[in-house]
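Let me begin by presenting the structure, written as structure tokens, before commenting on it.
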Amino acid sequence: MSLNVGILSIQGDVQENVLSTQTALDELGIDGNVIDVKTPEDVMNLDGLILPGGESTTIGQMSLVNGSMKILKEKIENGMPVLGICAGMIMLSKTANDRVVGKTNQPLLDILDIKLERNSFGRQRESFEADVSMESIDIPNFNGIFIRAPSVSDVGSDVEVLSKFNGRIVAIKKDNVIGTAFHPELTEDTSLHKYFLNLVNSSKSN
Ligand code: GLN
């Protein structure tokens, strides 16, 4: 049984996620295909999907225009595991505010009952790296790379907080949906990609 793992390939950190996912599959010894997802048709046969970091306004607008938004939402609501990274986590949210301009009317998937503050730690030049911990999923030490990163300002009662940094929520999980404010694909450490692929694998075998 081979896993079809998609990377939403509209804009952003696509190749980095292809590489991390391929490496993580090899390390786990799981047979899988890493698929560039560009159109609604590409979404149909996926077992799991990564929404990469990049620019959430562009990713949202393009997905809306090319008709992928609706099918993405349907597949995720029907249980397809998804890892949303930075802009990808913004895409999963219900409401996004920008730290400077306030409420943004950008297209969002509205999957998770979370509110987000975009660019929460500052703009590009305030990017930084910091150790983060995700104890509840057995990743106690992880090098978090934050680039124009959001933070989660409010979570619904069914959303688990996986990690906080400086008092702000930077990783969350609800069932098969994971979101991180930092970029695991920019580190050598594949542990978060491996955790996600194990989730995809067990959800496929169920
Ligand atoms: N600030 C970006 C946004 O709001 C996200 C940055 C990132 O994905 N690294 O879309």
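Every value quoted in this text rests on a predicted model; they were computed, and no experiment measured them. Every number for a ligand or one of its atoms is a count from 1 in the order of the listing.
- The ring of F165 has its center closer than 6.0 angstrom to the ring center of F128.
- Atoms of ligand 1 found under 4.0 Å from any heavy atom of C86 (numbered from 1 in listed order, with element): 5 (C), 6 (C), 7 (C), 8 (O), 9 (N).
- At distances below 3.5 Å, not a single donor-acceptor pair connects side-chain atoms of S56 with backbone N or O atoms of M91.
- Between the side chain of N4 and the main chain of N45, a donor-acceptor pair closer than 3.5 Å is present.
- Contact atoms of ligand 1 toward G53: 8 (O) (distance under 4.0 Å to a heavy atom of the residue).
- One N or O on the side chain of N176 and one on the backbone of G79 form a donor-acceptor pair closer than 3.5 Å.
- Ligand 1 has a nitrogen or oxygen under 3.5 angstrom from a nitrogen or oxygen of G54.
- Atom numbering of ligand 1 starts at 1 in the shown order; those under 4.0 Å from a heavy atom of I90 are 3 (C), 4 (O), 10 (O).
- The protein heavy atom nearest to atom 4 (O) of ligand 1 is R118 NE, 2.6 Å.
- Of the candidates H183, M91, R148, R148 brings a heavy atom nearest to atom 2 (C) of ligand 1.
- One finds the OG1 atom of T95 at 12.5 Å from the CD1 atom of I90 (value rounded to the nearest 0.5 Å).
- The shortest heavy-atom contact between P81 and L199 is CG-O, 4.1 Å.
- Ligand 1 has an N or O atom lying under 3.5 Å from an N or O atom of A87, backbone or side chain.
- For ligand 1, the atoms closer than 4.0 angstrom to any heavy atom of S56 are 3 (C), 4 (O), 10 (O).
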Quiz item: Can you check side-chain hydrogen bond (donor to acceptor under 3.5 Å, both in side chains) on D189 and S191, steps first, answer last?
Solution: CA-CA 6 Å; D189 185 344; S191 48; 2.6 Å; yes
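- The shortest N or O to N or O distance between I147 and ligand 1 is under 3.5 Å.
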